[in-house]
Each structure stands twice: as structure tokens, then as C-alpha cells.
K.L.:
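This is the structure, below, for whatever I ask next.
So that the names make sense, note that chain A is the first sequence line, chain B the second, and so on, each numbered from 1.
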Number of protein chains: 2
Amino acid sequence: MTEQKANDNYNDITITTASDQVFVDMRREIVQGTIEQGSKISEPELAKRYGVSRATLREALNRLESCYLVERKANVGCRVVALTAERLIEVYQVRSALEGLACRLAADNMEPEEVQGLKQLLNQHLQTQRVKEGESYYQEAGDLDFHYRIIKGSKNAHLIHLLCNELYQLIRMYRVQMGMVGPRVSKAFDEHLAIINAIENHDGELAEMLMKRHISASQANIQTKFDLLAAKNQ
Amino acid sequence: MTEQKANDNYNDITITTASDQVFVDMRREIVQGTIEQGSKISEPELAKRYGVSRATLREALNRLESCYLVERKANVGCRVVALTAERLIEVYQVRSALEGLACRLAADNMEPEEVQGLKQLLNQHLQTQRVKEGESYYQEAGDLDFHYRIIKGSKNAHLIHLLCNELYQLIRMYRVQMGMVGPRVSKAFDEHLAIINAIENHDGELAEMLMKRHISASQANIQTKFDLLAAKNQ
DNA sequence: AACTCACAAATTGTCGACAATCTTAATTTA
DNA sequence: TAAATTAAGATTGTCGACAATTTGTGAGTT
């Protein structure tokens, strides 16, 4: 449970105001599905639940909208985003382009220590993985850490913000609620390793290409879940 | 002036609430520089100026933050974004990746009528350009329309939102306040034409590459302004 | 003279209440 | 019976006031 807590706030948001807290709490609940996808959000109800005024809650809703977790309509209200197969494709097309760019930049801009840290992370990740076979949670955290480090290695502040603070929440939501299936886990290790090598060799072009493939594989994995779901409901 | 008004609201936002109006108004003033870049925003002052309460103004500020025109710090306040050379590079790296993707998708997904419309726009643009030589305003509007149509031609709703509603405001701000210099204008026509041809031939790979180059050239053009400014101030 | 500390002024964050809008369900009409 | 209308209820948008925090100023100390 403490691990889970540590996993909530990847991006370095320091919580100062009440709306910060509500934002982080709601974000976790939406990503994990505690607040159901596609459900309508009642401002009075949630304000009471979090013990804040509607103004504070609305501030949090605005920020949730910025990271694509809720959608607002004027005079109508707020809905949690719905995880559709169509949206998965759209979001992953964007993710692939942006994280490919990040990876290419990282090959130029990452410090040697940062690359070393990446390698260590991968080793440590491998060990944890062996011990806790099948535990998807640790895998999710480790994989996320890997991607975040590379993104930050791009040293492009705008890109970092776009990916880490905005887009990744929705990507996590897909991953957490749709899940990752078996053979993908071990395969991802090899792909991560190849990416690190490309970065270490300052081969930006290759690093970008490998990252894009890695993301495509991840997308296909989630897509499978949708296909399974569609087959079952028919 | 009416032309200018028409140019304010590219993305199809229907203004229903008071904060919608304040958002659109402030956005225009920031992009055009009426509200100075880098300046601090006083909530009480601006609320009075627009004739709304602080709550309404803050709603608008939240949305301006979502499109990168202002930056907030908790308990400190809001600042208009500063147009630096570093940020230009960062934003254009992102723009290049995203709009390159959009252009590639457009080559697959644009309807024939849409492509025809693009061609007509370019012709019309060329005529207007000849008549009003040097009038950078019309050029800006025409160029923008061109890019918007291609982006929308991608048919990727997430990408469209990201580019048209979020990123493009900041890009416009650079273009309007830094400007575009002479030889670039006519060159852009040829580049636009080549892009349309690639799209018409459903050659996504080429279309992406041409768009990325086109954007790089645009970036270099603005970069020149910064260099000139730096040389003068030294 | 420079630095620290404390106080005052101003700014942002939060709250509860009211106004405007949408939704829903009952009622009327064709 | 089905569609259109209207009225009641609920929800969102907006406001002004208060609380918490930051910033700027000035007195005091080294």
C-alpha cells in the first residue's frame, strides 16, 4: 500500500493547495477506475465527498481536463473519459510521435550518469520481475519509470510537460484498467535494453525507431484486450 | 478590423459562458501582445477590466494555462508566457513531430473534396498575396488556414485538439509578435504546393517529411529575428 | 552598511449563496 | 397513442466576502 502511494505522483507536483490534493486524489481514482470511466461527475456530490467547496473541486476538474481524464460541456457538466478502442489508436499515434522524438533527443542530451541509472533500473527491474512473476503492478511502475527517465533525458521542457504531466495519465489509465498480458512482459525487457544501447551510442535515429516500435507493441497488446472484449460481448 | 475579428476564433469554440468570452478576449490580447509577454497578471485588476468576478476570470486563466499562454504558481500568481529563443526550439520540435504525423495521416484520410478545397485555398491565397504584397496579416491567416485544414484532415481527434486548440496559440503568438520576413513568404507557397501534391498522391511518408522541413524553415525564420535582436542589444 | 526579523499591505485560495441553464417528468394536444 | 409543451427539480455558472499565504517595507541589530 505504501508502494502504491509512492506511485501516485510521478511528476514532481508539490501539493500546496486543497485543490492540488483533490486533483491528485481524483486523478488516482480515475486512473485506477475507482471513479468509473464514462461516468458523470456531480460537482455537489464530489465536493461533499472530498470535503471541499465546489470552487475548489472545479479547480481540480479543470486540471483533470487538461490531462484528458475528464471532458466538460458548458452548462451540462463533466464526464470521466471513456476508454474506447478508437481513442486508444488516436492517443497512441500521438504518443508514438512524441515519445519517439523524446527518445531521439535523449540520445543526444542524456548525461552518462543518467544512462547508467537507466541500466541499473533495468537490472533492478529484471530482478524484481523474477521474484514477483506476474505481479503486474511492479511491472507497471518500473516500465513507467523507464519511460519517464528517457523523456526527461530529452531536456525539452515543453515535451516533458506534455508527456509526463498531460498525456501519460490517460496512457496509465488504459494500462491499469485494460492491463498487460503475459508474454509482453519479458519481451518489453529486451526492447528496453535495445533502446538503452541506442541511446548510449548516441544513435538518435535508431533510438527513435526502436521506441516507436516498442510503443506500437504496447498498443497492440492493449488492442488485444479490446478485441477479446468485443468477441465476448457478441 | 472585421477580418481580424474573424481571425480570432479558428478552432470552433462556441462562446456560451462569460468565461468563454473572457478566455477568447484575453487569448487574442496575449497573442497580439496587447497584454505584454512575461508580464504578471493581477486577478483583481483584470476582473475589473473585463467586468467579471474573479471566479470567472480564474476559469479563463485556467484555460489560458492549458494552451500555454500563461503560467501559474500556487499562492504566487499568473504570468504571461515569455517568448524566448529556447522555448521556440522546444515548441517547434514538438510541433514538427505532431504536425508531421498529422500530415502523414492526412495523406491517408483526407477526402478528395478536402484536397480540392486545399488547392483552391492556395490559389486564392496566391492571388491575395500578389495584390497585397508584404501584408503579413493576410499571409498569416491564409497560412494558418492551410495548416488547420491538413491537421483536421488527419481525422485524429486527439491530435486535432492538441494542435489546434492547445499548441497553435503559442505558435501564433511567436509568429505575430516576432513576425515573418520577406523571402520566406513566396517560398512558403512552393512548399505548401509540394505538400498538397504529396497528400493528393497518398504519399504519407513524403508528406510528413515535407511538412517537417516546412516547419523547420519557419522556425529558422523566427530564429533569425532572435539573432538580430541579440546582435542589436549587444 | 548590510543583514535579519517582524509587521503591514496586497494577492491568491476557498467558501457559501444566488442566478442562469439544462434535464426530466407530467400534462396537454393532435 | 405519440409528439409537443410546460413546469418543477437539479445542475452548472457567477458573484462577493473571508481566510491563508506571499510580498514589500521599515525598524532593529551586528
K.L.:
Among dT12(C), dT23(D), dG13(D), find the nucleotide with the atom closest to the side chain of K40(B).
P.N.:
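Of all the options, the side chain of K40(B) is nearest to dT12(C).
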
K.L.:
Nearest to the side chain of R54(B), which nucleotide is it out of dA17(D), dT11(D), dT14(D)?
P.N.:
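In terms of side-chain proximity for R54(B), the closest of dA17(D), dT11(D), dT14(D) is dA17(D).
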
K.L.:
E43(A) CD to dT14(C) C1': how many Å, rounded?
P.N.:
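E43(A) atom CD is separated from dT14(C) atom C1' by 15 Å.
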
K.L.:
How about H147(B) and R95(B): do any of their side-chain heavy atoms sit closer than 4.5 Å?
P.N.:
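They are in contact (side-chain heavy atoms under 4.5 Å apart), so the answer is yes.
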
K.L.:
Under 4.0 Å: is that the gap between some side-chain N or O of S19(A) and OP1 or OP2 of dT14(C)?
P.N.:
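Yes, because at least one side-chain N or O of S19(A) sits under 4.0 Å from OP1 or OP2 of dT14(C).
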
K.L.:
Of the listed nucleotides (dG13(C), dT14(D), dC15(D)), which one gets closest to any side-chain atom of R58(A)?
P.N.:
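Looking only at heavy atoms from C-beta outward on R58(A), the closest nucleotide is dT14(D).
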
K.L.:
Could you check whether any side-chain heavy atom of E65(B) comes within less than 4.5 Å of a side-chain heavy atom of L61(B), counting everything from C-beta outward?
P.N.:
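No, side chains not in contact.
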
K.L.:
Specify the separation, in whole Å, of atom CG of D20(A) and atom P of dA20(D).
P.N.:
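For the pair D20(A) CG and dA20(D) P, the rounded distance is 17 Å.
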
K.L.:
Could you walk me through whether R63(A) and N62(B) pass the side-chain hydrogen bond (donor to acceptor under 3.5 Å, both in side chains) test, one step at a time?
P.N.:
CA-CA 8 Å; R63(A) 291 163 66 185; N62(B) 275 322; over 6 Å; no

K.L.:
In terms of relative ring orientation, are H192(B) and H214(B) parallel, tilted or perpendicular, with 30° and 60° separating the classes?
P.N.:
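The rings of H192(B) and H214(B) stand perpendicular, inter-plane angle above 60°.
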
K.L.:
Answer yes if the ring centres of Y148(B) and Y168(B) are under 6.0 angstrom apart, and no otherwise.
P.N.:
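Yes, the ring of Y148(B) comes within the 6.0 Å limit of the ring of Y168(B), centre to centre.
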
K.L.:
Compare the minimum distances between each of dC15(C), dT21(C), dC15(D) and the side chain of S53(A), then state the nucleotide with the smallest one.
P.N.:
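In terms of side-chain proximity for S53(A), the closest of dC15(C), dT21(C), dC15(D) is dC15(C).
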
K.L.:
Assign A55(B) to base, sugar-phosphate, or nothing according to its heavy-atom contacts below 4.0 angstrom with the strands shown.
P.N.:
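Touches a base.
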
K.L.:
Nearest whole angstrom, please: distance from the P of dG13(C) to the CD of Q21(A).
P.N.:
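Going from CD in Q21(A) over to P in dG13(C) covers 16 Å.
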
K.L.:
Separation of K48(A) atom NZ from dC15(C) atom P, in whole Å?
P.N.:
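Value for this atom pair: 15 Å.
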
K.L.:
Out of dC15(D), dG13(C), dG13(D), which nucleotide sits closest to the side chain of T17(A)?
P.N.:
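In terms of side-chain proximity for T17(A), the closest of dC15(D), dG13(C), dG13(D) is dG13(C).
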
K.L.:
In whole Å, what is the span from the CD1 atom of I15(B) to the P atom of dG13(D)?
P.N.:
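I15(B) atom CD1 is separated from dG13(D) atom P by 16 Å.
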
K.L.:
In this structure, how many angstroms lie between the C1' atom of dT12(C) and the CZ atom of R72(B), rounded?
P.N.:
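My rounded result for the distance is 9 Å.
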
K.L.:
Check every atom of dC15(D), dG13(C), dG13(D) against the side chain of N75(B) and return the nucleotide holding the closest atom.
P.N.:
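Selected nucleotide (nearest to the side chain): dG13(C).
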
K.L.:
More than 12 heavy atoms of other residues, nucleotides or ligands under 6.0 Å from NZ of K40(A): yes or no?
P.N.:
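For K40(A), atom NZ is crowded (more than 12 foreign heavy atoms under 6.0 Å).
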
K.L.:
For E90(B) and A157(A), indicate whether the former's side chain and the latter's backbone hold a donor-acceptor pair under 3.5 Å.
P.N.:
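Side chain of E90(B) to backbone of A157(A), a donor-acceptor pair under 3.5 Å: yes, one is there.
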
K.L.:
With sugar-phosphate meaning primed atoms plus P, OP1 and OP2, does I41(B) contact a base, only sugar-phosphate, or nothing at under 4.0 Å between heavy atoms?
P.N.:
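Answer is sugar-phosphate: I41(B) comes under 4.0 Å of backbone atoms only.
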
K.L.:
Ignoring the backbone of T56(A), work out which of dT14(C), dC22(C), dT12(D) is nearest its side chain.
P.N.:
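It is dT14(C).
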
K.L.:
With each end axis built from five pairs of C1' atoms, what bend angle do you get for the helix from dA1(C)-dT30(D) to dA30(C)-dT1(D)? Round to 10°.
P.N.:
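Comparing the first five pairs with the last five, the axes sit 20° apart.
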
K.L.:
Would D227(B) and T224(B) count as a side-chain hydrogen bond (donor to acceptor under 3.5 Å, both in side chains) here? Give the steps.
P.N.:
CA-CA 5 Å; D227(B) 297 342; T224(B) 307; 5.4 Å; no

K.L.:
Using whole Å, what does the distance between atom C1' of nucleotide dT11(D) and atom CZ of R79(A) come to?
P.N.:
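So the two atoms are 13 Å apart, to the nearest Å.
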
K.L.:
Given that A74(A) and E59(A) both sit by DNA chain C, which one's nearest nucleotide is further toward the 5' end?
P.N.:
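Between the two, 5'-proximity favours E59(A).
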
K.L.:
Rounded to the Å, how far apart are K73(B) NZ and dT23(D) C1'?
P.N.:
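Nearest whole value for this atom pair: 14 Å.
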
